[in-house]
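The shown structure was predicted, so the numbers you read here are calculated from the model rather than taken from an experiment.
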Amino acid sequence: MWRFVLGVVLIAGHFLTAAWFKGRVARLMARVGEGSTVPMTGEIPEVVREFVRRAGVEGSTARTVRYRQAARMLFDPEGSWQEITAVQVFGVETASFVWFAEWRFGPLALVRVVDALVDDAGRFEVRLLGTLPLGCVTGPELDRGEAMRYLAELPWVPEAMVRNGSLRWRELDDRRVEVSMDTSGGPATVRLIFEDGDVVAIEADDRPRQEGKVSVERPWEGRFWEYRSIGGRRVPAKAEVSWVLPEGRFAYFRGEMLDG
């Protein structure tokens, strides 16, 4: 009898913890786009303004943008690609986002991942079966890394380019624009690469990457393609993201954005 009772308690504990975790993610998502905003002051390059016009969001008053995502991830250079689904919410006037992904086996969520920047604080958390913690990273270096992710993903939230006053712009040449913002871990900077008016790639020299128990700055890059209307915005439907490691380029994410 005691084994049956113990089994019931463990199963109940699992479902309660999983529900608590999903509830916490929902509360994080509800805070995206909230908080104090900074008025736009600096000059925005014309190539960026033209990108926003082409996206069809000049009159947008949305405070958040939401997408679903179908993707594949490579968790280790020697591993195999895993199919995941995700939901991502971006802030428009504040640099904030929550990405909540699940790696499922049939009806079972084997792994759940939260990658977030909310209230200027980054958080990366992985849970097995939605309950058992496999890892959680916070701190100034992650804050900067998550801010760099937000900057790199601006093509998916184009109205933020002209409404988020925390962003600083610098035109490098006729194809490259640098965007940066301040974080608790120092300035976060990413370069957007334009071709025929579209952002086709991003690059950064020093995004923090967790390697074992230490954070190491590594070059980081991504590419975008297949622009189409998603959620009323002309944005890139597909993307790939890579680390540039000493042993070579490590592409770890390939995904497609869908209506939220």
Side-chain angles (χ1 to χ4, degrees), residues 38 42-45 47-48 51 71 73-78 88 90-91 94-99 101 113-126 135-157 160-161 164-195 199-224 236 239-255:
V38 178
E43 185 175 344
I44 301 172
V47 67
V48 174
F51 180 85
M73 289 200 70
L74 194 58
F75 296 99
D76 183 275
E78 304 302 321
Q88 186 162 4
F90 294 95
T94 63
S96 54
F97 73 88
V98 172
W99 182 76
V113 181
V114 175
D115 202 22
L117 179 67
V118 175
D119 299 331
D120 300 321
R123 185 176 191 87
F124 179 79
E125 187 171 358
V126 182
C136 182
V137 183
T138 59
E141 290 176 324
L142 185 71
D143 296 348
R144 184 164 69 93
E146 299 293 36
M148 293 171 78
R149 173 172 177 171
Y150 177 84
L151 297 176
E153 295 181 351
L154 284 170
W156 284 324
V157 54
M161 293 177 165
N164 189 331
S166 65
L167 308 183
R168 297 190 300 272
W169 297 93
R170 186 163 72 101
E171 191 166 11
L172 302 176
D173 54 40
D174 59 356
R175 293 187 66 244
R176 299 182 306 151
V177 173
E178 182 181 89
V179 58
S180 61
M181 59 176 285
D182 294 325
T183 78
S184 66
T189 301
V190 169
R191 292 183 295 277
L192 307 182
I193 316 300
F194 289 82
E195 187 175 292
V199 179
V200 296
I202 64 93
E203 56 187 23
D205 299 325
D206 55 358
R207 188 182 181 198
R209 180 175 188 259
Q210 198 70 23
E211 299 182 3
K213 294 184 178 181
V214 299
S215 178
V216 181
E217 292 182 351
R218 299 292 191 194
W220 182 64
E221 61 185 31
R223 60 190 187 97
F224 299 103
E240 179 183 84
V241 188
S242 306
W243 292 103
V244 183
L245 304 178
E247 59 270 27
R249 183 174 174 272
F250 168 39
Y252 66 91
F253 174 90
R254 293 171 182 160

Student: Consider only side-chain N and O atoms of Arg144 and Thr183, and report whether a donor and an acceptor are under 3.5 Å apart.
Tutor: no
Student: Can you tell me how far apart CG (Asp182) and CG (Asp120) are? Round to the nearest 0.5 Å.
Tutor: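 Interatomic distance, Asp182 CG to Asp120 CG, rounded to 0.5 Å: 10.0 Å.
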Student: Taking the side chain as every heavy atom from C-beta outward, state whether Arg149 and Asp115 have any pair of such atoms under 4.5 Å apart.
Tutor: yes
Student: Surrounding CD of Glu217 (heavy atoms of other residues, nucleotides or ligands, distance under 6.0 Å), is the total greater than 12?
Tutor: yes
Student: Return the CZ to CD distance between Phe224 and Glu153, rounded to the nearest 0.5 Å.
Tutor: 6.5 Å
Student: How many angstroms lie between CG in Leu154 and CZ in Phe90, if you round to the nearest 0.5 Å?
Tutor: 8.5 Å
Student: How close do Val38 and Ser166 get, heavy atom to heavy atom, and via which atoms?
Tutor: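 Taking every non-hydrogen atom into account, CB-N, 4.0 Å.
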Student: Can you tell which of Glu146, Met181, Arg191 makes a side-chain contact (heavy atoms from CB on, under 4.5 Å) with Leu151?
Tutor: Met181
Student: Would you please test Phe250 and Arg218 for side-chain contact (heavy atoms from CB on, under 4.5 Å) and show each step?
Tutor: CA-CA 11 Å; Phe250 168 39; Arg218 299 292 191 194; over 6 Å; no
Student: Do Ser215 and Pro208 come within less than 4.5 Å of each other through their side chains, counting heavy atoms only?
Tutor: yes
Student: Measure the OG1-OH distance between Thr94 and Tyr150 for me, rounded to the nearest 0.5 Å.
Tutor: 6.5 Å
Student: State which residue, out of Arg249, Arg223, Glu221, fulfils the side chain to side chain donor-acceptor pair (under 3.5 Å) condition with Ser242.
Tutor: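 Only match with Ser242 under side chain to side chain donor-acceptor pair (under 3.5 Å): Arg249.
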Student: Is a donor on one side and an acceptor on the other found under 3.5 Å between the side chain of Asp143 and the backbone of Gly122?
Tutor: yes
Student: Considering all heavy atoms of both residues, which atom of Ala116 and which atom of Val98 are nearest to each other, and what is their separation?
Tutor: CB-CG2, 3.9 Å
Student: If the plane angle is over 60° it's perpendicular, under 30° parallel, otherwise tilted; pick one for Trp220 and Trp243.
Tutor: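 The arrangement is tilted - the two ring planes meet at 30° to 60°.
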Student: Rounded to the nearest 0.5 Å, what's the gap from CZ on Arg176 to CD on Glu171? Could you check?
Tutor: 11.0 Å
Student: How long is the gap from CZ on Arg170 to CZ on Arg168, to the nearest 0.5 Å?
Tutor: 11.0 Å
Student: Quick one: closest heavy-atom pair of Arg175 and Asp173, and the distance?
Tutor: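 Nearest heavy atoms, Arg175 then Asp173: N-OD1, 2.8 Å.
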Student: Main chain of Gly145, side chain of Arg207: is a donor-acceptor contact present, judged purely on distance under 3.5 Å?
Tutor: yes
Student: Evaluate Val47 against Trp169 for side-chain contact (heavy atoms from CB on, under 4.5 Å), listing each step before the verdict.
Tutor: CA-CA 11 Å; Val47 67; Trp169 297 93; over 6 Å; no
Student: Could you label the plane-to-plane angle of the Phe253 and Trp99 rings as parallel, tilted or perpendicular, counting under 30° as parallel and over 60° as perpendicular?
Tutor: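 Taking Trp99 first and then Phe253, their aromatic rings stand perpendicular (interplane angle over 60°).
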Student: What are the two closest heavy atoms between Met148 and Thr189, and how far apart are they?
Tutor: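 Residues Met148 and Thr189, closest heavy atoms: CE-O, 3.5 Å.
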Student: Can you confirm whether more than 12 heavy atoms, excluding those of Asp206, are under 6.0 Å from its CG atom?
Tutor: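 More than 12 within 6.0 Å, yes.
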Student: Any chance you could lay out the side-chain contact (heavy atoms from CB on, under 4.5 Å) test for Phe124 and Val113, step after step, and finish with the verdict?
Tutor: CA-CA 7 Å; Phe124 179 79; Val113 181; 3.6 Å; yes
Student: Identify the two heavy atoms, one from Ile44 and one from Met161, that lie closest to each other, and give their separation to 0.1 Å.
Tutor: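 What the structure gives for the nearest pair is CD1-O, 3.7 Å.
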Student: Please check: side-chain N/O of Trp156 versus main-chain N/O of Pro236, any donor-acceptor pairing under 3.5 Å?
Tutor: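 Judged by distance alone, yes, a pair lies under 3.5 Å.
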Student: Is any side-chain heavy atom of Cys136 closer than 4.5 Å to one of Arg123?
Tutor: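 A side-chain contact exists here, since the closest heavy-atom pair is under 4.5 Å.
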Student: Where do Ala251 and Leu74 come nearest, in terms of heavy atoms and distance?
Tutor: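 Smallest interatomic distance, heavy atoms only, reads O-CD2, 3.7 Å.
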Student: Quick check against the 3.5 Å criterion: does Asp76 have a side-chain atom that pairs as donor or acceptor with the backbone of Glu78?
Tutor: yes
